[in-house]
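Contents: one structure, followed by commentary.
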Amino acid sequence: MREALKDALRKLLGARNASKLGQAVRPRKIKWSPPPPDGKIRLNLGCGDKILEGHINVDFSESRKGNKPDVIADLRALQFAPDYADEILSVHVIEHFYPWEAEDLLIHWKSILKPGGTLMLECPNILTAAAMLLKEPERAARAEGKDGQLAMWPLYGDPNWKDPLMCHRWGYTPTTLIDLLKRCGFKNVRQEPAVFKQQDPRDMRVVGEK
């Protein structure tokens, strides 16, 4: 059964990535640096405890780990004017919405972007999580510590928060996330190296333009 699952996953991953199936997750570290003071309006939607310099940090929660957002709002009903922002960044947020919510959510965010503005989404890559469960099921199926970050956290969220809002409601591969952005009307949609959290290959970044 496990070999059949591996064969199915290899087909999903494609020939180019098949040789990487089951390898240990070794993030490629990319240093994040604040954006330049160029006058552009940048939104960090669903910021949680990650308050980023050079951004308007927005979250539904009033505080996480003592860090407070600049704006408290429901991400499904933001009050920013149309064509307001040059960039929208959303890190590990889209997976917290049900699939039937995601399209309306992204169309709403697109309305806030200026023409030519950029949306950047980062989230777990469930292909990597599935590969790790096949490779080391006893280890990757744990909820605790670094082992939990291999598969269970990408699939279900970090249980340490003890908060239903922090549980994941859907998962994406690069292909399905790119398809979602295209359905929402974004142009020049592509995958880029992830910058935050665990980065590639556990996580991924997909970018689109209005």
Side chain of [X], backbone of [Y]: donor and acceptor closer than 3.5 Å?
| X | Y | answer |
| --- | --- | --- |
| D59 | C47 | yes |
| D200 | A194 | yes |
| N67 | D49 | yes |
| K40 | D86 | no |
| H108 | L106 | no |
| W170 | H96 | no |
| R169 | C167 | no |
| T128 | P201 | yes |

Are [X] and [Y] packed together at the side-chain level, in the sense that at least one heavy-atom pair is separated by less than 4.5 angstrom?
| X | Y | value |
| --- | --- | --- |
| Y172 | V206 | no |
| V93 | L45 | no |
| R142 | E136 | no |
| V58 | P69 | no |
| P154 | Q149 | no |
| L113 | F186 | yes |
| P124 | H168 | yes |

Spacing of [atom1] belonging to [X] relative to [atom2] belonging to [Y], to within rounding of 0.5 Å:
| X | Y | atom1 | atom2 | result |
| --- | --- | --- | --- | --- |
| W109 | L75 | CH2 | CG | 5.5 Å |
| I51 | I56 | CD1 | CD1 | 12.5 Å |
| L105 | L180 | CG | CG | 9.0 Å |
| L121 | E192 | CG | CD | 11.5 Å |
| L177 | N125 | CG | CG | 9.5 Å |
| Q198 | D203 | CD | CG | 6.5 Å |

Legend entry - Flag if over 12 foreign heavy atoms under 6.0 Å of CZ, F196: yes
Inset, instruction - Please say whether the positively charged group of R64, taken as NZ for Lys or CZ for Arg, lies over the ring of W161, i.e. under 6.0 angstrom from the six-membered ring centre and within 45 degrees of the axis. - result: yes
Legend entry - L181 vs L119, side chain to side chain contact (heavy atoms under 4.5 Å, CB included): CA-CA, chis, key distance, verdict: CA-CA 9 Å; L181 265 67; L119 172 71; 4.1 Å; yes
For the pair [X] and [Y], find out whether any cationic side-chain nitrogen is under 4.0 Å from an anionic carboxylate oxygen.
| X | Y | answer |
| --- | --- | --- |
| E53 | R42 | no |
| E122 | R205 | yes |
| E101 | R76 | yes |

Legend entry - Reference residue E103; test salt bridge (Lys or Arg N to Asp or Glu O under 4.0 Å); the match among K110, K182, R183: R183
